[in-house]
Amino acid sequence: STSGEGFGIPTVEAMAAGVPVLATNYTTTDEIVTRTGAGEAVRVSDEILGSWHVWRGVMDCEDAADRLIRLRMDENLRRKYGQAGRRAVLEAYSREKVGEAWDKLLTN
């Protein structure tokens, strides 16, 4: 878990590798993880004021442990999340897609 990922590059890297994702239900988790079917959002138990005066979500340890146990016990669920995450990365976050967006931003 982390309390400091804005966009979530490590999350997208895991998805690209076909690894199911459990991420704190904070910032972009809904957009990147739950809507794509790549994994689940873990409840936030608290918030802390981190560096640069940015509020950060703290993962609920009990909720995270329950979700980890369920994933460990359910191979089909792991496969489903892993495949969905890989598919989402190829559709939205491939080098080509991201490069095209950067090119458009910088040249227009």
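Start at 1 with the first residue, then count along the sequence. Heavy atoms only: backbone and side chains are in, while hydrogens, waters and symmetry mates are out.
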Q) In Å and rounded to the nearest 0.5 Å, what is the CD to OG1 distance from E31 to T11? A) 11.5 Å
Q) Looking at side-chain heavy atoms only, is the closest gap between Y81 and M15 below 4.5 Å? A) no
Q | Closest contact, heavy atoms only, A84 versus A38 | A | CB-N, 4.2 Å
Q: Indicate yes or no: at least one non-hydrogen side-chain atom of D60 is less than 4.5 angstrom from one of V44.
A: no
Q: Given salt bridge (charged side-chain N to carboxylate O under 4.0 Å, His left out), test K104 with E100 step by step and report yes or no.
A: CA-CA 6 Å; K104 188 175 183 178; E100 182 180 302; over 6 Å; no
Q: Work out which heavy atom in I32 is nearest to a heavy atom in Y93; give both atom names and the distance.
A: CG1-OH, 3.8 Å
Q) Heavy-atom distance under 4.5 Å between the side chains of P20 and R79, does that happen here? A) no
**Q.** Heavy-atom pair with the smallest gap, counting every atom of T29 and T24
**A.** OG1-O, 2.6 Å
Q) What's the verdict on salt bridge (charged side-chain N to carboxylate O under 4.0 Å, His left out) for D63 and R67, showing C-alpha distance, side-chain angles and the deciding distance? A) CA-CA 6 Å; D63 188 40; R67 292 172 188 276; 3.1 Å; yes
Q: Say whether V98 and L106 are linked into one hydrophobic cluster, either directly or through other cluster members, by side-chain heavy-atom distances under 4.5 angstrom.
A: yes
Q.
Determine whether R56 and S51 satisfy the following criterion, side-chain contact (heavy atoms from CB on, under 4.5 Å), listing intermediate values before the conclusion.
A. CA-CA 9 Å; R56 302 176 184 277; S51 58; 3.4 Å; yes
Q. Would you call D66 and R70 a salt bridge, using N to O less than 4.0 angstrom?
A. no
(Q) Is there a continuous path of hydrophobic side-chain contacts, each under 4.5 Å between heavy atoms, that joins V19 to L22? (A) no
Q. Checking S94 side chain against K97 main chain: does a donor-acceptor pair fall under 3.5 Å?
A. yes
Q: Count the heavy atoms belonging to other residues, nucleotides or ligands that lie under 6.0 Å from CD of E47, then report whether that count exceeds 12.
A: yes
Q. What are the two closest heavy atoms between M59 and V42, and how far apart are they?
A. CG-CG1, 3.4 Å
Q. According to a 4.5 Å side-chain heavy-atom criterion applied to Ile, Leu, Val, Met, Phe, Trp and Tyr, with indirect links allowed, do Y26 and V54 form part of one hydrophobic cluster?
A. no
(Q) Let me confirm one number: the CD1-CG distance from I69 to D74, rounded to the nearest 0.5 Å. (A) 13.5 Å
Q) According to a 4.5 Å side-chain heavy-atom criterion applied to Ile, Leu, Val, Met, Phe, Trp and Tyr, with indirect links allowed, do I9 and W102 form part of one hydrophobic cluster? A) no
Q: Indicate yes or no: at least one non-hydrogen side-chain atom of D30 is less than 4.5 angstrom from one of R35.
A: yes
Q: Mind listing the closest non-hydrogen atom pair of R72 and R78 along with its distance?
A: O-NH1, 2.8 Å
Q) Would you find a donor on one side and an acceptor on the other, under 3.5 Å apart, between the side chain of R86 and the backbone of G18? A) no
